[in-house]
Amino acid sequence: KPILEKISVDKLGHYYFSFLRYLISGVIAIPFLIYHYYYNGFPKVYKNDAKLFFKDVVIWGTVVSVVAIAAIMANYYLLEKYDSSFVTPIAEAVLLIFNAIFSVLILGETFTTDMGIGIGLIISGIIFIYRQKLKLF
């Protein structure tokens, strides 16, 4: 996927590709969403309360979409400026690190020794692999 994104960003630019990707994804998702609703209805937690369901869809869909578009625009901007072999591993590693941190802070998940070791290894891996590009030791 990152290779295809790099090709697309180089051709279209990060701004156009960011928004067009989400627009096209939305169009592709519509038939799947209709199919799923037809066979499964609303999620059980809503007890067929369409008003509550659509309220949550609008609120959470907006919040997640704004965060996702900001993140993807930053990623595509970097892909437009730098090689995919440089941007993608760092972006994916940072995503894993922040996911672990926010899972603990926001979701109240338990921070384990293994998580700490994993985050440390990810950070040291980034430093080790890119130390010459980052001009470290």
Side-chain angles (χ1 to χ4, degrees):
K1 182 182 113 193
I3 304 302
L4 297 174
E5 290 171 336
K6 173 67 172 161
I7 293 168
S8 302
V9 165
D10 285 346
K11 289 182 181 247
L12 302 173
H14 76 279
Y15 190 83
Y16 283 115
F17 185 65
S18 296
F19 291 110
L20 291 173
R21 176 186 174 214
Y22 277 97
L23 178 68
I24 293 166
S25 295
V27 170
I28 292 169
I30 289 171
F32 291 101
L33 187 60
I34 292 168
Y35 174 84
H36 185 74
Y37 172 74
Y38 181 76
Y39 286 101
N40 299 299
F42 294 118
K44 294 190 186 333
V45 71
Y46 293 99
K47 297 182 177 89
N48 289 326
D49 185 351
K51 192 173 184 179
L52 179 60
F53 175 74
F54 286 114
K55 177 185 168 199
D56 279 354
V57 165
V58 169
I59 291 170
W60 288 107
T62 301
V63 170
V64 171
S65 293
V66 167
V67 171
I69 287 174
I72 206 72
M73 286 185 74
N75 188 41
Y76 291 162
Y77 174 79
L78 291 172
L79 277 176
E80 191 173 40
K81 301 292 181 197
Y82 304 103
D83 294 338
S84 179
S85 62
F86 179 72
V87 172
T88 303
I90 291 176
E92 295 297 325
V94 169
L95 177 67
L96 292 172
I97 292 166
F98 278 107
N99 187 60
I101 292 168
F102 290 142
S103 293
V104 171
L105 295 176
I106 295 171
L107 300 176
E109 295 179 2
T110 304
F111 187 83
T112 65
T113 304
D114 288 346
M115 284 175 67
I117 292 169
I119 290 171
L121 289 171
I122 291 169
I123 293 169
S124 60
I126 292 170
I127 292 169
F128 181 74
I129 293 170
Y130 297 110
R131 69 180 181 267
Q132 291 185 3
K133 283 193 179 194
L134 298 171
K135 309 243 187 299
L136 298 172
F137 45 93

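This is a predicted model, so every value here is computed, not measured.
In this structure, the separation between OH on Tyr35 and CG on Asn40 is 8.0 Å, given to the nearest 0.5 Å. Considering CD1 of Ile123 and CG of Leu96, their distance stands at 11.0 Å, rounded to 0.5 Å. Atom-to-atom distance recorded for Ile28:CD1 and Leu23:CG is 10.0 Å, nearest 0.5 angstrom. A distance of 8.0 Å separates CD1 in Ile24 from CZ in Phe17, rounded to the nearest 0.5 Å.
Residues Ile119 and Ile106 are members of one and the same hydrophobic cluster, defined by side-chain heavy-atom contacts under 4.5 angstrom among Ile, Leu, Val, Met, Phe, Trp and Tyr. Follow the hydrophobic side-chain contacts under 4.5 Å out from Leu95 and you never reach Ile122; the two are in separate clusters. Linking ILVMFWY residues whenever their side-chain heavy atoms come closer than 4.5 Å, directly or via other members, places Phe98 and Ile126 in the same cluster. Under the 4.5 Å side-chain heavy-atom criterion for ILVMFWY residues, a single connected hydrophobic cluster contains both Leu52 and Val45. Linking ILVMFWY side-chain heavy atoms closer than 4.5 Å, directly or via other members, places Ile7 and Tyr16 in two distinct hydrophobic clusters.
A side-chain donor-acceptor contact under 3.5 Å links Lys6 to the backbone of Tyr82.
The only member of Val94, Val87, Thr88 that meets side chain to side chain contact (heavy atoms under 4.5 Å, CB included) when paired with Ile90 is Val94.
Shown here for Ser84 and Pro89, the closest heavy-atom pair between the two residues is O-CD, 3.6 Å. Closest approach of Arg21 and Tyr76 over heavy atoms only: NH1-OH, 2.9 Å. Scanning both residues, Ser124 and Leu121, for their nearest heavy atoms gives OG-O, 3.0 Å. Leu79 and Val9 make their closest contact through C-CG1, 4.3 Å (heavy atoms, listed as atom of the first residue, atom of the second, distance).
In this structure, Phe86 and Tyr130 have perpendicular ring planes: the angle between them is above 60°, well past the 30° mark. Classified by interplanar angle (parallel below 30°, tilted 30° to 60°, perpendicular above 60°), the ring pair Phe19/Tyr15 is perpendicular.
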Pairs of donor and acceptor atoms involving the side chains of residues 53-75, under 3.5 Å and at least two apart or interchain, shall be tabulated with distances.
{"residue": "Asp56", "atom": "OD2", "partner": "Tyr46", "partner atom": "OH", "Å": "2.7"}
{"residue": "Thr62", "atom": "OG1", "partner": "Val58", "partner atom": "O", "Å": "2.6"}
{"residue": "Ser65", "atom": "OG", "partner": "Gly61", "partner atom": "O", "Å": "2.6"}

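Shown here is Phe42, whose CZ atom has more than 12 heavy atoms of other residues, nucleotides or ligands within 6.0 Å.
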